[in-house]
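Chain identifiers are assigned alphabetically (A, B, ...) following the order of the sequence lines, protein sequences preceding nucleic acid strands; residue numbering begins at 1 within each chain.
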Protein chains: 2
Amino acid sequence: MTTTAKPERRVYYNNDDCPVRNVVAQIGDKWSMLILFALVDGTERFNALKSRVEGISQRMLTQTLRDLEREGYVNRTVYPEVPVKVEYCLTEMGRDLVKPLYQLVTWADQHQDDIRQARKAYDERS
Amino acid sequence: MTTTAKPERRVYYNNDDCPVRNVVAQIGDKWSMLILFALVDGTERFNALKSRVEGISQRMLTQTLRDLEREGYVNRTVYPEVPVKVEYCLTEMGRDLVKPLYQLVTWADQHQDDIRQARKAYDERS
DNA sequence: CGGAATCCAACATGATACTG
DNA sequence: CAGTATCATGTTGGATTCCG
C-alpha cells in the first residue's frame, strides 16, 4: 500500500507574488476598506472622503488612495481649476472587489456576538 | 424642496468596536489567512503547521495562533504527554469564516492579471 | 484644495537563545 | 515538542509644516 501520511502540501504560497496575499494585505490595512466603501455610492472629492472616513489623516488618505489607484481599484481625476479639484471613484474592478468584501462584512456582522463571547471566554480562562 | 445634497453618511464606523474592522484587521495580518487555510484539511500539530506555513517563525506562529484562538476561530488541545503534544483545528466558526475568505481568494486569483497590469500602467505613468 | 516632506512614536516581525 | 523571553530592525501611521 502507498503511504497514508498527509501529503505535505504547502499552504497558499507565502511570497509577494501570491495574488491573495497581495489583495488581502492591501485591503487589510487600516483604511482601505473604509475608503472603498466610502466610494461605493459614487464619486467623491478628496476632502469629502476625508470627512466620510472618520478619523483618517490627510497623509493616510492620500497614501491609501494612491495604493488603491495603483492596484487598479480606484480612479483619480484632476480638474485643473484654481483651486484644484480632484475626484475619486471606483473602477470596474474596484466595484467588483467590493462584492466579496461585502460577504465578509455580512459574516462579521452576523458573528460579532460569537467573537465577543469567544474573547471573553479566552480572557477569563487565562 | 428639501436639499438634494448627499446625506453625509459616515462610512462603516472606524473604531475598535467595528465588527468588520475586527475581522479584517485580524485576518489581514501577515499570517492569519495562511494558518486558517493550513487548518482547513483538519487537525495539525504545532510543528506540522510550522512546516506547512512556509517562512513563518516560531514566534509568529505561536502568537497568531493565540490570536485566532482568542477570536474563536481555532481550537487548541494540549496532550500532556512527554514531550507535550499540541493540536490545532478550526472551530465551527473558523470553518465558517473560511467560506467568505475563499470568495476573496477566488476573486484575487481571477483578477491577478488585471492587478498586475494596473500596477504596471501606474508605474509607467509616474 | 489637495497634496508633499519631514519627524517621530508605536507597533509588528524576525533572529536567537533558553525551558518545562 | 512547543513554546517563552529578549533584543534588533523595519514598517506604520499621526502631527506638523510647507507648497502649487
Side-chain angles (χ1 to χ4, degrees), chain A residues 8 11 14-16 18 21-22 24-35 38-39 43-71 74-89 122 125-126, chain B residues 8 11 14-16 18 21-22 24-35 38-39 43-71 74-89 122 125-126:
Chain A
E8 246 276 349
V11 151
N14 165 39
N15 67 49
D16 293 340
C18 171
R21 293 288 299 271
N22 272 321
V24 174
Q26 174 57 51
I27 63 105
D29 72 6
K30 198 171 177 185
W31 300 109
S32 290
M33 279 192 66
L34 294 174
I35 295 175
L39 288 172
T43 298
E44 291 277 16
R45 296 181 60 176
F46 185 87
N47 280 328
L49 273 176
K50 191 161 180 305
S51 300
R52 295 193 61 193
V53 181
E54 192 184 316
I56 196 168
S57 66
Q58 201 167 42
R59 183 184 187 283
M60 289 315 297
L61 181 55
T62 302
Q63 186 175 305
T64 309
L65 281 169
R66 290 291 181 282
D67 292 342
L68 295 174
E69 189 193 357
R70 181 168 186 267
E71 300 294 285
V74 163
N75 257 327
R76 176 174 183 265
T77 313
V78 182
Y79 298 90
E81 312 164 355
V82 181
V84 69
K85 177 169 107 176
V86 181
E87 285 188 342
Y88 294 91
C89 63
Y122 181 93
R125 250 178 290 153
S126 58
Chain B
E8 246 277 349
V11 152
N14 166 40
N15 66 50
D16 293 340
C18 172
R21 293 289 298 272
N22 272 318
V24 175
Q26 174 56 52
I27 64 103
D29 73 4
K30 198 170 177 185
W31 301 108
S32 290
M33 278 191 68
L34 294 174
I35 294 174
L39 287 172
T43 298
E44 290 276 17
R45 296 181 60 175
F46 185 86
N47 280 328
L49 273 177
K50 191 161 180 303
S51 298
R52 293 193 63 192
V53 181
E54 193 184 316
I56 196 169
S57 66
Q58 202 168 40
R59 184 183 186 285
M60 289 314 298
L61 180 55
T62 301
Q63 187 174 307
T64 310
L65 279 169
R66 290 291 180 283
D67 292 342
L68 296 174
E69 190 193 355
R70 180 169 186 267
E71 301 295 285
V74 163
N75 258 325
R76 177 174 183 264
T77 313
V78 182
Y79 298 91
E81 312 164 355
V82 182
V84 69
K85 178 169 107 177
V86 181
E87 285 188 342
Y88 293 91
C89 64
Y122 181 93
R125 250 179 290 154
S126 58

Asks: List the residues meeting side-chain hydrogen bond (donor to acceptor under 3.5 Å, both in side chains) with T64(B), not counting sequence neighbours, and say none if there are none.
Replies: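 By the side-chain hydrogen bond (donor to acceptor under 3.5 Å, both in side chains) rule, T64(B) matches no residue at all.
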
Asks: Separation of L61(B) atom CG from dA2(D) atom C1', in whole Å?
Replies: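 Nearest whole value for this atom pair: 10 Å.
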
Asks: Provide, to the nearest angstrom, the distance between the CD atom belonging to Q58(A) and the P atom belonging to dA15(D).
Replies: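 After rounding, the gap between these two atoms is 12 Å.
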
Asks: List the protein contact pattern of nucleotides 5-15 of chain C with one symbol per nucleotide (5' to 3'): B for base contact, S for sugar-phosphate-only contact, - for none; contact means a heavy-atom distance under 4.0 Å.
Replies: -B------BBB

Asks: So, is Y88(B) near the phosphate of dC1(D), with a side-chain N or O under 4.0 Å from OP1 or OP2?
Replies: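 Result: no.
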
Asks: Can you check the F46(B) CZ to dA2(D) C1' distance for me, whole Å?
Replies: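 In whole Å, dA2(D) C1' lies 6 Å from F46(B) CZ.
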
Asks: Quick check on contacts: within residues 76-84 of chain A, what sits under 4.0 Å from DNA chain C by heavy-atom distance?
Replies: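 Those residues are R76(A), P83(A), V84(A).
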
Asks: Please report the distance, rounded to the nearest Å, between CZ in R45(B) and P in dC1(D).
Replies: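 After rounding, the reported distance stands at 7 Å.
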
Asks: In whole Å, what is the span from the CD atom of E87(B) to the P atom of dA2(D)?
Replies: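 Interatomic distance, CD of E87(B) to P of dA2(D): 9 Å.
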
Asks: With a 4.5 Å cut-off on side-chain heavy atoms, are V74(A) and R76(A) touching?
Replies: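 No - every pair of side-chain heavy atoms lies 4.5 Å or more apart.
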
Asks: Show the nearest heavy-atom pair for residues M33(A) and I27(A), with the distance to one decimal.
Replies: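 The pair with the smallest heavy-atom distance is CG-O, 3.5 Å.
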
Asks: So do the side chains of R66(B) and T62(B) get within less than 4.5 Å of each other, counting heavy atoms only?
Replies: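 Counting from C-beta outward, R66(B) and T62(B) do come under 4.5 Å.
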
Asks: Decide yes or no for R52(B) and L34(B): does some side-chain heavy atom of the first lie under 4.5 Å from some side-chain heavy atom of the second?
Replies: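 No, every pair of side-chain atoms sits at 4.5 Å or beyond.
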
Asks: Pairing donors with acceptors under 3.5 angstrom, does anything connect the side chains of T43(A) and E87(A)?
Replies: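 The criterion, which ignores hydrogens and geometry beyond distance, is not satisfied for E87(A) and T43(A).
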
Asks: If every non-hydrogen atom of V84(A) is compared with every non-hydrogen atom of Y79(A), which pair is closest and at what distance?
Replies: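 It is CG2-O, 3.5 Å.
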
Asks: Quickly work out the L65(B) CG to dA2(D) P distance and round it to whole Å.
Replies: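 It works out to 11 Å between those atoms.
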
Asks: At what angle, to 10 degrees, do the two end axes of the helix from dC1(C)-dG20(D) to dG20(C)-dC1(D) meet, given five pairs define each axis?
Replies: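 Both end axes considered, the difference amounts to 50°.
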
Asks: Mind listing the closest non-hydrogen atom pair of W31(B) and V53(B) along with its distance?
Replies: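 Closest approach of W31(B) to V53(B): CE3-CG1, 3.7 Å.
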
Asks: Decide yes or no for Y88(B) and L68(B): does some side-chain heavy atom of the first lie under 4.5 Å from some side-chain heavy atom of the second?
Replies: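 Not in contact.
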
Asks: Who are the side-chain hydrogen bond (donor to acceptor under 3.5 Å, both in side chains) partners of Q58(A), not counting sequence neighbours?
Replies: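 With sequence neighbours excluded, Q58(A) shows a side-chain hydrogen bond (donor to acceptor under 3.5 Å, both in side chains) to no residue whatsoever.
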
Asks: Who pairs with R59(A) by side-chain hydrogen bond (donor to acceptor under 3.5 Å, both in side chains), at least two apart in sequence or on another chain?
Replies: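 R59(A) satisfies side-chain hydrogen bond (donor to acceptor under 3.5 Å, both in side chains) with Q63(A) once adjacent residues are dropped.
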
